[in-house]
A.B. asks: 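Below is a structure I'd like to ask you about.
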Amino acid sequence: MNNISEIQTILDQIKTEALSSFDLAPEVIENITFAPSPDLKLGDLGFPCFSLAKSMRKAPAMIAKDIAAAINADDHDIIAEVLPVGPYVNFKYARGVVSEKVVAAALDSSDYGKGVYEKPEKWMVEFSAPNTNKPQHLGHVRNDLLGASVSSILKFAGHDVVRVNLINDRGIHICKSMLAYQRFGEGKTPESESIKGDHFVGDYYVMFDKIFTEEYESWLESDVAEAKFQEWQKGRKEKEREADKTPKKSFQKSYKDTFFNTESEIGGAAKDMLIKWEEGDTEVRGLWNLMNTWVFKGFDETYESLGVVFEHVYRESETYLLGKDIVNKGVERGVFKTIEGGAIACDLETVGLKGEKILQRSNGTSVYMTQDLGTALARFEEYEMDHMVYVVGDEQDYHFKVLFAILEALDPKLANRMKHLSYGMVLLPEGKMKSREGKVVDADDLIEQMHVLAHESVEERYPDLDEVEKRKRSVAIGNAALKFYILDFNPKTTVTFDPKKSIAFEGRTGPYCLYSYARIQSIGRKVGGWPELSEEEREAALSALGTDVEMQLVNELTDWPRMVQLSARLMDPSKITEQLYKLCKAFSTMYNDNDHRIKDIEGPRRDGLLLLTEAVAKTLKTGLDVIGIEALNEM
RNA sequence: GCACUCAUAGCUCAGUUGGAUAGAGCAACGGCCUUCUAAGCCGUGGGUCGCAGGUUCGAAUCCUGCUGAGUGUACCA
C-alpha cells in the first residue's frame, strides 16, 4: 500500500510468523508492537509479552523465552540475534545489512518516506479563513501554518489534496471599518499613507471600536443608563445579584451589545450600512469593493511571506446565501422542523446531541450554521472528495460537532468524512490577544522581526558576507525559526507566546535543522562531491557501518516513513518536526564524535559514512520541504 | 447551571494511544574550537506526572470524585 520502510515490514513478518505457531487470535498478534529498546545493549528494538500472558497461561518472561527460541535469526538477514530480556523479546540487528537497506532506500528515492496509494483519497483542507476588517495576527499564523503543512503532509503521505480558503468578507464587523473610513477616511488610501492595505483597514476597525466605546461610556453616565441598570438588576436572579460585588461592571459588559443594537448612533449607522450592502446599494458596494481590494492585496503579501497557497478561495459574500433551500427541503423531508414564531430548527436530540439548533430565524434570514451546511454540501458535490478537513480553533469544537451531526442527518454517506482539525489558542503572557484593543502580535510585524533578528545573528557570525547573501539567509533562517516553532507544538496545545523569548535560533529550532543541513553540504563540498559507486561497492561501503553512533542515525532514518504516516494520520505536523530534530541531533552527535571524523577514515567505511551523511541530508531537505521550510546550502 | 478541553522539571513543551529507568529545549553549573561550520557536542543537577480513590500483571495515559485554569453553551459571526 505505501512504503513504510522495508525494515519494519520485514520485522512485522517475523513477529507474525513467530507468534502464529502459538495458536493466538489474529488481533492479539496485531496488538503486539515493536518499540525501540531503551538501551542499545539490550537490543535495537523489541516487543513486550505481557498481553500474551492471559491467552497463553504463562508468565511473560517464559513466553518471551519461548518466542525467542522459535525465531531462528539465521533465517533473516536483517537479524543478528533474538534474545529474551525479562518479559521482552529483543532483536539485535545485523547492523551492516540494516544500514545498507535503509540508507539505500533513502538515497534511491527522490522523496524518501513518501506514501504511495493505488487509489489515493481526495482530501479538501479549509484553513486561514480571515476577516477582511483587520490584518492577521499570530493566531492566524498558527492556522495558516497548520493548514498549509497538514495539507502538504497529507499530500506527501500519498493523498490528493485541495487547499481552500473561505474569506469572511461580509457582515456587521466589516461594516464597522467601512463606516469609520467613510466618516473619517478623508479620501486617504494605503498608498497615500504608505500602509499595507489590511493594516490600513484594520486601523479604521480599531477607530470604530474606540468611538463606539466612548459613546457607550458617556451614555453610561446618563440617567437613562442608570434606569436601565436598575431595571436590569431587578430582573436578575436573587442569588446572582447578591454574589455580584461589581454589578455596574457586569451591567456594562452585558448591555454593550444591546446598546449597540438600540441606542448607539454609530452602531445604528453600521447596521444601516449592512442593510444597504445586502440591498446592493451602489455607493456602499463601491466602498466595500475598494476596501476589499486593499485588504486582499495585504493578505496576499502575508500569505506569500509565509509560503501559503490555495487552490480555491471562497468568499462568504458569495456563499452566505447557500443552505437556505437545503433548510427548506429539510423541513419537507422532516429532518428539520418549524418552531413557534416561524423559525426553523434542527432537533439535536435526533442526531444524538441535546437541545435544538436554529437554522433560519423567524424573519427568514439564515444563520452562520446554515451557510456552513450549504457550503459543505456544495463542495462535496463539486469536488467529490473523500474527506473534508476544517482547520479551526478549538473554541468552535461545539459548532463543528453540531455541523457534522446535521450534515450526517441530511446525508448519511457523509458520516466520518468530515474532520475538525481543532487547535489551541495562542495566548500572550498577559492573556488573550485582542485585535480591537491592539493587544496582538501582528503577523507581518512578527515575520519582519524574525528577519531582523536573523539578520543580526548572521551579521554577528559572518560579518564579511555580502549584503545580498546576508538578506537571503536572514529570510530563510527567520522563516525557519517561526515555522518550526509554531509547528513543533501539538496542534491541540494552547500556546503561551512570550514575544521576548519564545522564538529562539538555538536548541530544538528551525535554524538548528538548517545548520545541520548546511554542515552536511559543507562536507560534500570538502570531499569533492558525494561518492558515486557501483552496486557492489555501495553495498560494501554501507555494510561497513555498525557502531552505536552510526546505528542511532540509521534508526532515525528508518523511523522517518513511519513518522510521516503517523503525522498524516493524526494530522499533527509536530511529529515531523520531532523526527527532523532527532535526525539532526543524531547526525550532530556523530559529527562531533572523534571516532567518526570522515576525514580521518579510509576505505569502504569512509564511503559508508559519506553515503549515510548524504542520505540524512536528502531526508532532511525532503522533510523540511514538507513543512514549508527552505533549506540552505551554506549558513 | 450544563458541556468540552487542559493541569508533567524553575520556564516552554513532548510522552508514538496501557509497557522496560517519565523525555526534549531553554535557564543553571562543568567540560570541548591549531583537526569536516561552536546556530554545535559531551556531562551534572533538577519530578509525589494538580489532589484522593478505583480498574489492571502493569497507569502520566483508562474510570470516579475533588481542586484550579481555559473555552463553549444566541433567532451573533
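What you see below is based on every heavy atom in this structure, not just the backbone, and it leaves out hydrogens, waters and symmetry mates. Residue numbering restarts at 1 for every chain, and letters A, B, ... go by the order of the sequence lines.
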A.B. asks: Which string of ( ) [ ] | and . matches RNA chain B, if you list each base 5' to 3' and count Watson-Crick or G-U pairs only when both distances are under 3.5 Å?
C.D. replies: (((((((..((((.....[...)))).(((((.......))))).....(((((..]....))))))))))))....
A.B. asks: Whole Å only: how far is the CG atom of A:Leu427 from the C1' atom of B:G70?
C.D. replies: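 That distance rounds to 8 Å.
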A.B. asks: Are any protein N/O atoms closer than 3.5 Å to N/O atoms in nucleotides 5-9 of chain B? If there are, list each pair with its distance.
C.D. replies:
none

A.B. asks: Would you mind reading off the distance between A:Asp169 atom CG and B:A77 atom C1', rounded to a whole angstrom?
C.D. replies: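 Atom CG in A:Asp169 sits about 13 Å away from atom C1' in B:A77.
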A.B. asks: Which is more 5' along RNA chain B, the nucleotide nearest A:Cys49 or the one nearest A:Arg170? Just name the residue.
C.D. replies: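 Nearer the 5' end of the strand: A:Cys49.
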A.B. asks: Looking only at side chains, do A:Tyr423 and A:Asn143 share a donor and an acceptor under 3.5 Å apart?
C.D. replies: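 Indeed, the side chains of A:Tyr423 and A:Asn143 share at least one donor-acceptor pair under 3.5 Å.
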A.B. asks: Between A:Pro511 and A:Leu42, who's closer to the 5' end of RNA chain B by nearest nucleotide?
C.D. replies: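 Its nearest nucleotide being more 5', the pick is A:Leu42.
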A.B. asks: Determine which pairs satisfy salt bridge (Lys or Arg N to Asp or Glu O under 4.0 Å) with at least one residue from residues 477-496 of chain A, sequence neighbours left out, and list them in order.
C.D. replies: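 Every pair satisfying salt bridge (Lys or Arg N to Asp or Glu O under 4.0 Å) with a residue in residues 477-496 of chain A: A:Asp488-A:Arg508.
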A.B. asks: Verify the distance criterion only: is there a donor paired with an acceptor across the side chains of A:Glu634 and A:Gln521 at less than 3.5 Å?
C.D. replies: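 Not at all, the side chains of A:Glu634 and A:Gln521 share no donor-acceptor pair under 3.5 Å.
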A.B. asks: Distance check needed: B:G15 C1' versus A:Met563 CE, whole Å only.
C.D. replies: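 Interatomic distance, CE of A:Met563 to C1' of B:G15: 11 Å.
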A.B. asks: Does B:G15 have its OP1 or OP2 closer than 4.0 Å to a side-chain nitrogen or oxygen of A:Asn490?
C.D. replies: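 A:Asn490 to B:G15 OP1/OP2: side-chain N or O found under 4.0 Å.
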A.B. asks: When you measure from the side-chain N and O atoms of A:Ser574 to the phosphate of B:U16, is any distance below 4.0 Å, counting only OP1 and OP2?
C.D. replies: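 No, A:Ser574 has no side-chain N/O under 4.0 Å of OP1/OP2 on B:U16.
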A.B. asks: Does the gap between the ring centers of A:Phe212 and A:Phe259 come in under 6.0 Å?
C.D. replies: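 Distance test on ring centres: under 6.0 Å, yes.
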A.B. asks: When you get a sec, tell me which of B:G40, B:U12, B:C42 is the closest nucleotide to the side chain of A:Asn592?
C.D. replies: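 Selected nucleotide: B:G40.
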A.B. asks: Could you state the CG-P distance from A:Asn594 to B:C33, rounded to the nearest angstrom?
C.D. replies: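 That distance rounds to 11 Å.
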A.B. asks: Applying ring pair (Phe, Tyr, Trp, His ring centres under 6.0 Å), can you list everything that pairs with A:Tyr398, at least two apart in sequence or on another chain?
C.D. replies: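 Ring pair (Phe, Tyr, Trp, His ring centres under 6.0 Å) list for A:Tyr398, sorted by chain: empty.
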A.B. asks: Reckon A:Arg525 has a side-chain N or O less than 4.0 Å from the OP1 or OP2 of B:C36?
C.D. replies: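 The answer is no; no side-chain N or O of A:Arg525 sits under 4.0 Å from OP1 or OP2.
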A.B. asks: Among all residues two or more places apart in sequence or in another chain, which pass the side-chain hydrogen bond (donor to acceptor under 3.5 Å, both in side chains) test with A:Asn133?
C.D. replies: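 A:Asn133: no side-chain hydrogen bond (donor to acceptor under 3.5 Å, both in side chains) contacts found.
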A.B. asks: Classify the side-chain pair A:Ser317/A:Asp169 by whether it contains a donor and acceptor separated by less than 3.5 Å.
C.D. replies: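 Short answer, yes.
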A.B. asks: Where do A:Val391 and A:Phe127 come nearest, in terms of heavy atoms and distance?
C.D. replies: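 Scanning both residues, the minimum pair turns out to be CB-CB, 3.6 Å.
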A.B. asks: Whether the A:Ser457 and A:Glu460 side chains hold a donor-acceptor pair (N or O, under 3.5 Å, no angle test) is what I'd like checked.
C.D. replies: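 Per modelled atom types, A:Ser457 and A:Glu460 side chains form no pair under 3.5 Å.
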A.B. asks: Mind calculating the distance between CE (A:Met433) and P (B:U71) to the nearest angstrom?
C.D. replies: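 Taking CE of A:Met433 and P of B:U71, I get 13 Å after rounding.
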A.B. asks: What residues form a ring pair (Phe, Tyr, Trp, His ring centres under 6.0 Å) with A:Tyr515, not counting sequence neighbours?
C.D. replies: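 Listed in chain order: nothing, the list is empty.
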A.B. asks: Taking OP1 and OP2 of B:C41, is either one under 4.0 Å from a side-chain nitrogen or oxygen of A:Tyr512?
C.D. replies: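 Yes, such a contact exists.
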A.B. asks: Please confirm whether A:Arg170 makes a cation-pi placement over A:Tyr320, using NZ or CZ under 6.0 Å from the six-membered ring centre and within 45° of the ring normal.
C.D. replies: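 Yes, cation above the ring, under 6.0 Å and within 45°.
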A.B. asks: Is it the case that the ring center of A:Phe47 lies less than 6.0 angstrom away from the ring center of A:Tyr88?
C.D. replies: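 Ring-ring flag for A:Tyr88/A:Phe47: false, centres at least 6.0 Å apart.
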A.B. asks: Taking the six-membered ring where the residue is Trp, are the ring centres of A:Tyr512 and A:Phe484 under 6.0 Å apart?
C.D. replies: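 No, too far apart.
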A.B. asks: How long is the line joining CE of A:Met369 and P of B:A77, in whole Å?
C.D. replies: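 Going from A:Met369 (CE) to B:A77 (P), I get 12 Å.
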A.B. asks: Which nucleotide in the list B:U37, B:G19, B:G15 gets nearest to the side chain of A:Ser522?
C.D. replies: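 Nearest to the side-chain atoms of A:Ser522, counting from C-beta on, is B:U37.
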A.B. asks: Stacking check: are the rings of A:Tyr368 and B:C76 less than 5.5 Å apart at their centres and under 30 degrees in tilt?
C.D. replies: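 Per 5.5 Å and 30° rule: no stacking.
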A.B. asks: Are A:Tyr368 and A:His399 an aromatic pair by the rule of ring centers under 6.0 Å?
C.D. replies: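 Here the rings of A:His399 and A:Tyr368 have centres that are less than 6.0 Å from each other.
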A.B. asks: Can you give me the closest heavy-atom contact between A:Ile601 and A:Arg605, atom names plus distance?
C.D. replies: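 Heavy atoms of A:Ile601 and A:Arg605 come nearest at CD1-NH2, 3.5 Å.
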A.B. asks: Syn or anti for B:U17, given that syn means the glycosidic angle lies within 90° of 0?
C.D. replies: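 That one's syn.
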A.B. asks: Sequence neighbours excluded, which residues qualify as side chain to side chain contact (heavy atoms under 4.5 Å, CB included) partners of A:Arg361?
C.D. replies: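 Checked A:Arg361 against side chain to side chain contact (heavy atoms under 4.5 Å, CB included); matches are A:Asn363, A:Thr365, A:Val367.
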A.B. asks: Which part of the nucleic acid, if any, lies within reach of A:Asn90 when heavy atoms closer than 4.0 Å are counted: base, sugar-phosphate only, or nothing?
C.D. replies: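 Base contact.
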A.B. asks: Which residues pass the side-chain hydrogen bond (donor to acceptor under 3.5 Å, both in side chains) test with A:Asp548, not counting sequence neighbours?
C.D. replies: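 A:Asp548 satisfies side-chain hydrogen bond (donor to acceptor under 3.5 Å, both in side chains) with A:Arg95 once adjacent residues are dropped.
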A.B. asks: Counting only distance, no hydrogens or angles, is the base of B:U16 paired donor-acceptor with the side chain of A:Arg562 under 3.5 Å?
C.D. replies: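 Such a pair exists between side chain and base.
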A.B. asks: Does any donor atom in the side chain of A:His596 or A:Thr547 lie under 3.5 Å from an acceptor atom in the other side chain?
C.D. replies: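 There is such a pair between these side chains.
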A.B. asks: Quick one: list whatever passes side chain to side chain contact (heavy atoms under 4.5 Å, CB included) with A:Val475, sequence neighbours left out.
C.D. replies: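 In terms of side chain to side chain contact (heavy atoms under 4.5 Å, CB included), with neighbours along the sequence ignored, A:Val475 is linked to A:His451, A:Asn479.
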A.B. asks: Is B:C11 syn or is it anti, if syn means the base angle is within 90 degrees of 0?
C.D. replies: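 Anti, since the glycosidic angle lies more than 90° from 0.
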A.B. asks: If you measure from the P atom in B:U44 to the same atom in B:C49, how many Å do you get, rounded?
C.D. replies: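 It comes out at 22 Å once rounded to the nearest Å.
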A.B. asks: Can you tell me which nucleotide in B:C36, B:G40, B:U17 comes closest to the side chain of A:Leu570?
C.D. replies: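 For the A:Leu570 side chain, the nearest candidate turns out to be B:U17.
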A.B. asks: Nearest to the side chain of A:Thr493, heavy atoms from C-beta on, is which of B:U71, B:G19, B:A14?
C.D. replies: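 For the A:Thr493 side chain, the nearest candidate turns out to be B:A14.
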A.B. asks: Tell me: CG of A:Leu580 to P of B:A39, nearest whole Å?
C.D. replies: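 Going from CG in A:Leu580 over to P in B:A39 covers 20 Å.
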A.B. asks: Could you check whether A:Val527 gets within reach of a base, just the sugar-phosphate, or nothing at all, counting any heavy atom under 4.0 Å?
C.D. replies: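 Answer is nothing: A:Val527 stays at 4.0 Å or more from every strand.
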A.B. asks: Between the protein and nucleotides 56-60 of chain B, which nitrogen or oxygen pairs are less than 3.5 angstrom apart?
C.D. replies:
none

A.B. asks: A:Phe484 has an atom CZ; how far is it from atom P of B:A39, in whole Å?
C.D. replies: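 In whole Å, B:A39 P lies 18 Å from A:Phe484 CZ.
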A.B. asks: Counting side-chain heavy atoms from C-beta on, which of B:A77, B:A39, B:C36 comes nearest to A:Tyr462?
C.D. replies: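 The closest nucleotide is B:A39.
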A.B. asks: Among B:U37, B:C42, B:U71, which nucleotide has an atom closest to any side-chain atom of A:Glu395?
C.D. replies: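 The answer is B:U71.
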A.B. asks: Strictly under 3.5 Å: I want the nitrogen or oxygen pairs between protein and nucleotides 23-26 of chain B, one per line.
C.D. replies:
none

A.B. asks: With rounding to the closest Å, how many angstrom separate the C1' atoms on B:G18 and B:A27?
C.D. replies: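 Pairwise C1' distance, B:G18 against B:A27, rounds to 34 Å.
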A.B. asks: Check nucleotides 73-75 of chain B against the protein and report each pair of N or O atoms closer than 3.5 Å, with its distance, or say if there are none.
C.D. replies:
from, atom 1, to, atom 2, distance (Å)
B:C75, O3', A:Arg361, NE, 3.0
B:C75, O2, A:Ser362, N, 2.8
B:C75, O2, A:Ser362, OG, 2.9
B:C75, N3, A:Ser362, OG, 3.0
B:C75, N4, A:Glu340, O, 3.3

